[in-house]
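The structure appears below as structure tokens.
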Amino acid sequence: MAVVLGIETSCDETGVGIVADGLPAGEALASSMEEHARFGGVVPEIAARAHLESLVPCVRKAFADSGLTPSDVDAIAVTAGPGLATALQTGVAAAKAFALAWNVPLYGVHHLAGHVAADTLEHGPLPVRCVALIVSGGHTSLLLLDDLARDPIVHLGDTRDDAAGEAFDKVARLLGLPYPGGPAVSRVALEGDPHAIAFPRAMPGGYAFSFSGLKSAVARHVERGPVSVADVAASFQEAVVDVLTRKAVAACRDHGVGTLVVVGGVAANARLRELAAERCARAGVELRIPSPRLCTDNGAMIAAVGGLLYEAGEPACSLTLSVDPSAPLLRAALPRKD
Ligand code: KG4
Ligand code: ZN
């Protein structure tokens, strides 16, 4: 049985998780979100300082939560990118120190592979071939996955401009709603009519996405003056989830794939979950979405990737591991071998 400690510090959440034999065993999460709220977005130096303060307490808490001790740990996994450079560095430095002190292998992990692996903590191993829709604050991608630990990741399509979560965050600002925008917009949207405003659905070719036109359409609508915030929020949300689910299901159908996994912060969105379930059921596609708590950034998802790499016998990385703030998603493990 492999016990892996995972550390995630790419943005504003300090996540530490312990995974034992592919199952969550203990976790701790600290967030500097409130310190960024008044700036309307994450301030990297504030995030990095908060990680420094929270890291060791979170590791202690995760151990206490699991009933395990450092001597039980077989490997350490850490997010090496993408993310904020100074924030990533705090996690990587801590992970190296633990790996050295406990004499266990260290695995650098791609943050987005962590989002995908989060689903395995709840629903077990992924089928050998599946389509993944990753919708986070910084990324929106449709992927064709084989063995997540061993095989290269095939990008079917990515966003050409804003990520889905970024669009939620920007529209929240336009509507005077707090950061982070996704939860705020979806809360307000509950009171609105999703069909009140016919916002554009950009459908660039293939499986690519584009959300900046939609964001501009919302801005123009708000400028024209008095609006129902609830109707704008609901109509905007409907436009985003309509495009996301339509393309994701088409990708499954076109590639003859029977499983769609939807992950990343925006996968916590209730309307996205509902529409994805509806459309997958109609298309005969199995839908896997981790519960909302596992959709947003956490340490267990990084430990889950570490567990897969360890079990697959993938080589560990050296203590010279450095962060890669704009790492493309080519494989689950970092550093990339291209
Ligand atoms: O994956 P994540 O926690 O961090 C990144 O890796 O970016 O995703 C954060 C993003 C933010 O843009 C946030 O507004 C969005 O996920 N988000 C949501 C919801 N909860 C978080 N978007 C829509 N609806 C939600 N309920
Ligand atoms: Zn994330």
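Residues take their numbers from the sequence shown, with the count starting at 1. Counting starts at 1 for both ligands and their atoms, following the listed order.
Note: Phe211 and Phe209 have parallel aromatic rings, judged against thresholds of 30 and 60 degrees for the angle between ring planes.
If you number the atoms of ligand 1 from 1 as listed, the ones under 4.0 Å from a heavy atom of Ser186 come out as 26 (N). Atoms of ligand 1 found under 4.0 Å from any heavy atom of Gly138 (numbered from 1 in listed order, with element): 7 (O). Atoms of ligand 1 lying under 4.0 Å from at least one heavy atom of Thr296, given by number and element, are 3 (O).
For atom 17 (N) of ligand 1, the closest non-hydrogen atom on the protein side is Gly265 O, 3.6 Å. Looking only at heavy atoms of the protein, atom 12 (O) of ligand 1 is closest to Asp169 OD2, 2.8 Å. The single protein non-hydrogen atom nearest to atom 15 (C) of ligand 1 is Val266 CG2, 3.9 Å, given as residue, atom name and distance. Here the protein heavy atom with the shortest distance to atom 10 (C) of ligand 1 is Gly137 N, 3.5 Å. Atom 2 (P) of ligand 1 has its closest protein heavy atom at Asp297 OD1, 3.4 Å.
Judged by distance alone, with hydrogens and angles left aside, the side-chain atoms of Arg331 form a donor-acceptor pair with the main-chain N or O of Arg150 at under 3.5 Å.
Looking only at side-chain heavy atoms (C-beta outward), Leu133 and Leu244 come within less than 4.5 Å of each other.
For His255 and Tyr207, the ring centers are positioned less than 6.0 Å apart.
For Pro183, the closest heavy-atom approach to ligand 1 falls below 4.0 Å.
Looking at Gly165 next to ligand 1, an N or O pair under 3.5 Å apart turns up. For ligand 1, one of its N or O atoms has an N or O atom of Asn269 under 3.5 Å away. An N or O contact shorter than 3.5 Å links Gly182 to ligand 1 by distance. Distances between N or O atoms of Phe168 and those of ligand 1 include no value under 3.5 Å.
Metal site remark for the Zn ion (ligand 2): His139 contributes no N, O or S atom at a distance under 2.8 Å.
Looking at Arg49 and Glu53, no side-chain N of the basic residue comes within less than 4.0 Å of a carboxylate O on the acidic one, giving no salt bridge. Between Arg271 and Glu274 a salt bridge is recorded (basic side-chain N to carboxylate O distance below 4.0 Å). Of the charged side-chain nitrogens involved, at least one lies within less than 4.0 Å of a carboxylate oxygen, so that Asp242 and Arg279 count as a salt-bridged pair.
The distance from the CG atom of Leu5 to the CD1 atom of Ile302 is 11.5 Å, given to the nearest 0.5 Å.
When distances from the Zn ion (ligand 2) to the N, O or S atoms of Asp297 are compared, OD1 comes out shortest.
Angle subtended at the Zn ion (ligand 2) by His115 NE2 and His111 NE2: 100°, rounded to 10 degrees.
Residue His115 touches ligand 1 through its side chain alone, judged by heavy-atom distances below 4.0 Å. When heavy-atom distances to ligand 1 are checked against a 4.0 Å cut-off, His111 comes that close only through its side chain, counted from C-beta outward.
With 3.5 Å as the limit, one finds a donor-acceptor pair spanning the side chains of Asp297 and His111.
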request  = Please test Tyr179 against Phe39 for ring pair (Phe, Tyr, Trp, His ring centres under 6.0 Å), starting from the C-alpha separation and ending with a verdict.
outcome  = CA-CA 9 Å; Tyr179 171 85; Phe39 301 105; over 10 Å; no

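Summarising the local packing, CD of Glu278 is surrounded by more than 12 heavy atoms from other residues, nucleotides or ligands at distances under 6.0 Å.
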